[in-house]
Amino acid sequence: MSHVYIEKISAHEDQTVTLKGWIYNIRSSGKIHFLQLRDGTAIIQCVMGKNDVSEEIFESAKRLTQESSVEVTGVVRKDTRSALGYELHATGLKILHISEEYPITPKEHGTAFLMDHRHLWIRSRRQHAILRIRAEIIRAIRDYLDDNDFLLVDSPIFTPAACEGTSTLFETAYFSQKAYLTQSGQLYNEANAMAFGKVYCFGPTFRAEKSKTRRHLTEFWMVEPEVAFLELDGLMDLTESFVRYIVTRVLQNRQTELKEIERDTTQLEKITQPFPRLDYGEAVRQLHALGSDIVYGDDFGADDETMLTKQYETPILVNRYPAAIKAFYMKGDPAATDRALCVDMLAPEGYGEIIGGGQRQDDFATLLAAVHAHGLPQESMDWYLDLRRYGSVPHAGFGLGVERTVAWICGLPHVRETIPYPRMLEKLVP
RNA sequence: UCCGACAUAGCUCAGUGGUAGAGCAGGCGACUGUUAAUCGCCUGGUCGUAGGUUCAAGUCCUACUGUCGGAGCCA
């Protein structure tokens, strides 16, 4: 009897097959058992009538508990009563392990309890759907970049210094020195772009921010493309095309999962329209018209971001923020000296910033002054300054936060469900 | 770090200063089409911790711990 996966069951209609998995739920009417079997790919109902199997097997099925591991043999039948479209009419059952009392019951649970049992929670239907969508998003990210001639060049996790604010670094012992977990691959990416032209890095990044919000993790995944000879307008084109591709791929390949989590996909289908581009000054004017008390020159608060994005059905590209509130490596706007050539993509429906990026400072003297102005040690930045000594060119790049993107596409209230094992403030287990 | 709420059975929650409760899970039993199955019976408690007020505290007060939500910061 061949072992098949439930996901591929339609190819085996009317055949006898063996399924291997775990009991998701069991119901019985005395002379007929209904086993909900999950094998990691999907869930199928196995029907076991008293007359279809031996007395011994029928009796043994009564011992099954939630999450017990089994092998079920039977005939695949089409059945309209099943959500999957197929059922297995069982002819055999092999019990591998009877599960102890399983903590996650079919009824409701609180978030704290579920997070403490995250290693078991990921067996649930909803978590399956979310993590499959995450995997699709990651595949779409890689496919887009690989197919558009970006070269994957990895950046290190251990770094000697900060590239964002120094207050949010995780410090670790590194033999006789201190090392910090990377907050961004950005600085290395710029060196890689000078070497290869179009590059990206993709991996986990770490920020020791004491943030307790629905949008923050201390460990999160970020994809960061960086391109030589690219300027701000071209960068905005790139972010728009990139995000549109990701959403389209999820809509194409993960309809079942979107339905499972009850995502309203009409919102996602609107991303085919162009993304509005707002200059920072224009964004502030709009916010004032909407009743915000934001001061020109300040960064947007959470309320401002939500208020602004609710005006639009697609993500928006807010560009040219005040240079004073942006990182030291941003290039200034020649048309307005107090502004930086940067862009943030704000997702709709109040999901906030999913992309931050910009054109990098390519002038040696200006960058050196910025390093000093930010109080950064020049010796640890010397290699980065070299990029402006040896064939400096205009270049730009951005970072997209994977978990925020997953949260937006899935319509989730919190990023903690978008990653298998979220790392949050004081949260390290499991 | 700041502001707010909450902490009762394995889980989700009721509990009006006066005898500790329900649903789910678990155990036993019934049921040949169930879909978070249903029905009957049973098991299950240091009411977060430490103090205090009171004849009497799960309930009121204080501190601590933990969790959740929000702010700032950011992707």
Side-chain angles (χ1 to χ4, degrees), chain A residues 24-36 43-52 58 62-63 65-67 77 79-84 87 89 98-117 120-121 124-126 163-168 183-186 204-224 239 298-306 321 325-327 344-347 351-357 398-408 413-416 418-419 424-427:
Chain A
Y24 197 75
N25 198 358
I26 181 164
R27 288 180 285 271
S28 177
S29 299
K31 304 249 169 27
I32 183 166
H33 299 314
F34 300 96
L35 315 179
Q36 308 295 323
I43 295 176
I44 193 170
Q45 174 158 278
C46 303
V47 184
M48 184 187 286
K50 194 171 170 60
N51 300 327
D52 302 337
F58 192 80
K62 292 182 179 173
R63 293 164 45 223
T65 53
Q66 196 185 349
E67 288 301 317
R77 298 288 189 206
D79 196 308
T80 50
R81 288 169 291 190
S82 144
L84 190 73
E87 288 186 338
H89 286 244
I98 296 288
S99 171
E100 291 178 27
E101 190 176 327
Y102 191 65
I104 303 179
T105 66
K107 282 274 182 178
E108 293 164 24
H109 297 283
T111 310
F113 176 80
L114 290 169
M115 284 309 316
D116 286 341
H117 295 82
L120 302 177
W121 190 19
S124 303
R125 290 183 118 111
R126 186 176 168 80
C163 69
E164 303 286 338
T166 48
S167 61
T168 63
Q183 298 169 306
S184 160
Q186 138 100 54
T205 52
F206 307 87
R207 298 197 186 168
E209 290 160 0
K210 297 203 168 177
S211 305
K212 280 187 66 167
T213 81
R214 63 181 66 194
R215 297 194 302 278
H216 286 85
L217 298 168
T218 56
E219 176 182 309
F220 66 96
W221 283 65
M222 187 154 67
V223 58
E224 295 175 274
T239 60
D298 286 356
D299 210 346
F300 301 142
D303 286 349
D304 295 320
E305 241 174 51
T306 305
Y321 284 79
I325 57 171
K326 286 292 170 181
D344 281 358
M345 184 183 290
L346 306 182
Y351 281 93
E353 186 180 347
I354 56 171
I355 280 179
F398 68 88
L400 173 132
V402 169
E403 288 74 21
R404 287 189 185 175
T405 304
V406 177
W408 162 49
H414 200 295
V415 291
R416 67 186 151 215
T418 65
I419 186 167
M424 295 177 292
L425 196 54
E426 304 299 341
K427 181 72 190 165

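So you know, we letter chains A, B, ... as the sequences are listed, proteins then strands, and number each from 1.
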Parallel, tilted or perpendicular: which describes the rings of A:Phe113 and A:His109, with under 30° parallel and over 60° perpendicular?
parallel
Spacing between [X] atom [atom1] and [N] atom [atom2], to the nearest angstrom:
X        : N     : atom1 : atom2 : result
A:Gln66  : B:A36 : CD    : P     : 14 Å
A:Lys62  : B:U32 : NZ    : P     : 11 Å
A:Tyr102 : B:G27 : OH    : C1'   : 21 Å
A:Ile419 : B:A75 : CD1   : C1'   : 12 Å
A:Glu403 : B:C74 : CD    : C1'   : 13 Å
A:Leu400 : B:A75 : CG    : P     : 11 Å
A:Arg77  : B:G33 : CZ    : P     : 19 Å
A:His414 : B:A75 : NE2   : C1'   : 15 Å

Taking all non-hydrogen atoms of both residues into account, name the closest pair between [X] and [Y] and its distance.
X        : Y        : value
A:Ala407 : A:Tyr351 : O-CE2, 3.5 Å
A:Ala302 : A:Arg215 : CB-NH2, 4.0 Å
A:Gly401 : A:Thr405 : O-OG1, 2.7 Å
A:Ser28  : A:His33  : OG-ND1, 2.9 Å

Just to be sure I understand the rule, does [X] reach a base, reach only the sugar-phosphate, or reach nothing, if contact means heavy atoms closer than 4.0 Å?
X        : value
A:Ser82  : nothing
A:Gly301 : sugar-phosphate
A:Asp344 : nothing
A:Ser29  : base
A:Thr405 : nothing
A:Arg416 : sugar-phosphate

In whole Å, measure the gap between the P atoms of B:U8 and B:U59 for me.
13 Å
CD on A:Gln66 to CD on A:Gln36, rounded to 0.5 Å
11.5 Å
Residue matched to B:U1 through Watson-Crick or wobble contacts both under 3.5 angstrom
B:A71
Among [options], find the nucleotide with the atom closest to the side chain of [X].
X        : options             : answer
A:Glu353 : B:U34, B:A75, B:G72 : B:A75
A:Ala112 : B:G72, B:U67, B:C11 : B:U67
A:Glu305 : B:C74, B:A25, B:U12 : B:C74
A:Phe113 : B:C74, B:G33, B:C11 : B:C11
A:Lys212 : B:G26, B:G69, B:U32 : B:G69
A:Arg207 : B:G69, B:U32, B:A75 : B:A75
A:Arg404 : B:G69, B:C74, B:U34 : B:C74

Side-chain N or O of A:Arg126 closer than 4.0 Å to phosphate OP1/OP2 of B:A36:
no
I want to check one thing: is the phosphate of B:U32, taken as OP1 and OP2, less than 4.0 Å away from some side-chain N or O of A:Lys50?
no
For A:Phe34 and B:G33, do the ring centres fall under 5.5 Å apart while the planes stay under 30° apart?
no
Quiz item: A:Glu87 side-chain donor-acceptor pair to B:G33 base, under 3.5 Å:
yes
